[in-house]
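Inspection log for the structure reproduced underneath, given as structure tokens.
Numbered from 1 within each chain, the chains take letters A, B, ... in sequence-line order.
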Protein chains: 2
Amino acid sequence: MQFKVLLVDDEQDILDLLKYNLEKEGFVVETASNGRLAVQAFESFQPQLILMDVMMPEMDGMEACREIRDLPQGSNVIIAFLTARNEDYSQMAGFESGGDDYIAKPIKPRILVSKVKAWLKRWEQKADQAIAEVSTGGLVIDKEKYLVTNNGEVFNLPKKEFELLALLVSAPGRVFTREYILNAVWGNDVIVGDRTIDVHIRKLREKLGEELFKTIKGVGYKFEP
Amino acid sequence: MQFKVLLVDDEQDILDLLKYNLEKEGFVVETASNGRLAVQAFESFQPQLILMDVMMPEMDGMEACREIRDLPQGSNVIIAFLTARNEDYSQMAGFESGGDDYIAKPIKPRILVSKVKAWLKRWEQKADQAIAEVSTGGLVIDKEKYLVTNNGEVFNLPKKEFELLALLVSAPGRVFTREYILNAVWGNDVIVGDRTIDVHIRKLREKLGEELFKTIKGVGYKFEP
DNA sequence: AATCAGGGTTAAGGCAATATTAACGAAATT
DNA sequence: AATTTCGTTAATATTGCCTTAACCCTGATT
């Protein structure tokens, strides 16, 4: 697998140093010089790992971290902070905003590379788990093949229906608000009416069974086997 | 969800500017001109976020922050300070008194709005996690699944009933005034008659047990296992 | 005993939220 | 190019929650 790493720092020297060392190890590397650009780069580049400075102009690392986490694909990337020192507080704050780990400056190339490898190994494990196959009740969702099997019967759901189903099934019993569903399935920026969700729910109920999808008025929907 | 923001500053100009920009984004905004008023406003308005100047007459921001944190609901609000400059020390002091974050003056509307959105998103996550499951006596409230279990029996309460129950159970034994309940469950702006609360209490008593909800005449209600 | 204040109870109507259906444009498929 | 499929919306129906009005009950006050 070809791993992609996004480096974010406002000092060009550091970017160059890290980029050189990581590319030498076979990673694909892109860089961004502030938080706002990082968010953009994440969307287009879709890296598995982001190495980001905490302190930056325009938009700081914590802020960028939160924004990325809120994107549809943002929950799978690993975000690690470059901290200027052993500033305990900046570390804490970084984790609070959804960062996974940190590495202290000054950065030694060998340590960096070994940490990066460890992070990417972790990412692989997480990804395997997450995508492999979700199954609840008589329902099996194969994300790889984009197939849904319900008590032996195989369905070939369209994209939106599939994603909505996968979301609901990812946490059986849990109520997902309409707002949350819109963010997760359609994305933060897309504007669609509320009735769109209803219609997709209806199709799922039609195909898989009316009783599986429960409406919580004023709140949202949940899946229950 | 309708988010409420409380602005606290002694300069009317700043209040006006911030209020205008936040209301344009759909937030409900109230203002206070010093720390003492801020504490009062917090109690009646119950915002999710407080933006507060550090330096103010009467009672300064840090002092107000501490007082608010000591109130029953004070641990859930996010408090952010408006700092006059990059005065690192005032920032540190702000954190020590219980502040969550800060924003530096001069304030640019766009940055303000994006920060406010990020804070409120964080608040939502925290609120979801924190209150996910409350349990007292034989009663379990699962906010995630929107389910209430009483001694094994499962109930599927409508929204208002559920929220009223969750509020009362959040502090067993504590008396909630009618006014407070109206603010917390219905919102500050909604106008409903007093009998509405009675009816919802009645439904809860009916479903979960008469004895669990005690009336304090002339004051309000409390939950007691 | 009469009055009053505060709360309890019930049922019905209004209304907001959701369900349903059909239809349209865009994209994919043939 | 014709056909099919998908995603969305508009329009209409339906559901069930919320609220209220009207009346009852209790205990305190006069």
Exercise. Calculate the interatomic distance between B:Phe162 atom CZ and D:dC18 atom P; express it in whole Å.
Key: 13 Å
Quiz item: Taking side chain as C-beta onward, heavy atoms only, is A:Thr149 less than 4.5 Å from A:Leu139?
Solution: no
Exercise. Return no unless some side-chain N or O of A:Arg202 is found under 4.0 Å from OP1 or OP2 of C:dA19.
Key: no
Quiz prompt | B:Ile197 CD1 - C:dT9 P separation (whole Å) | solution = 15 Å
Quiz item: Looking at B:Arg178 and B:Asp198, does any basic side-chain N land under 4.0 Å from a carboxylate oxygen?
Solution: yes
Quiz prompt | Nearest-nucleotide pick for A:Tyr221, side chain only, options being D:dT8, C:dG8, C:dA19 | solution = C:dA19
Exercise. Side chain of A:Arg195 only, please: which of C:dG6, C:dT18, D:dT19 is the nearest?
Key: C:dT18
Self-check item: Minimum-distance nucleotide (side-chain atoms of B:Lys159 versus C:dA19, D:dC18, D:dG7)
Solution: D:dC18
Quiz item: So, is A:Trp186 near the phosphate of D:dG7, with a side-chain N or O under 4.0 Å from OP1 or OP2?
Solution: no
Quiz prompt | Which nucleotide in C:dG6, C:dT10, D:dG7 has an atom nearest any side-chain atom of B:Lys217 | solution = C:dG6
Quiz item: What about A:Tyr221 and A:Phe213, are their ring centers closer than 6.0 Å?
Solution: no
Quiz item: To the nearest Å, how far apart are B:Asp194 CG and C:dG6 P?
Solution: 10 Å
Exercise. Let me know the distance between CG of A:Leu157 and C1' of D:dT5, rounded to the nearest Å.
Key: 13 Å
Practice problem: To the nearest Å, give me how far apart CG (A:Leu164) and P (D:dG7) are. | Solution: 11 Å
Quiz item: What's the CD-P distance between A:Glu206 and C:dT18, to the nearest Å?
Solution: 20 Å
Self-check item: B:Thr215 side-chain N/O to C:dG8 phosphate OP1/OP2 under 4.0 Å
Solution: yes
Exercise. Identify which nucleotide among D:dC18, D:dT8, C:dG7 has an atom closest to any side-chain atom of A:Val199, counting heavy atoms from C-beta outward.
Key: D:dT8
Quiz item: Are the charged groups of B:Lys19 and B:Asp16 less than 4.0 angstrom apart, N to O?
Solution: no
Quiz item: For the pair made of CZ in B:Phe213 and P in C:dT9, what is the distance, rounded to whole Å?
Solution: 13 Å
Exercise. Among C:dG8, D:dG16, D:dT9, find the nucleotide with the atom closest to the side chain of A:Val192.
Key: D:dT9
Practice problem: Inspect the contact between A:Lys203 and A:Glu206 and indicate whether a charged nitrogen and a carboxylate oxygen are less than 4.0 angstrom apart. | Solution: no
Exercise. With heavy atoms under 4.0 Å as the rule, sort B:Thr196 into base, sugar-phosphate or nothing.
Key: base
Quiz item: How many Å lie between NZ on B:Lys214 and C1' on C:dG7, as a whole number?
Solution: 16 Å
Quiz item: Which one, C:dT20, D:dT19, C:dG7, comes nearest to the side chain of B:His200?
Solution: D:dT19
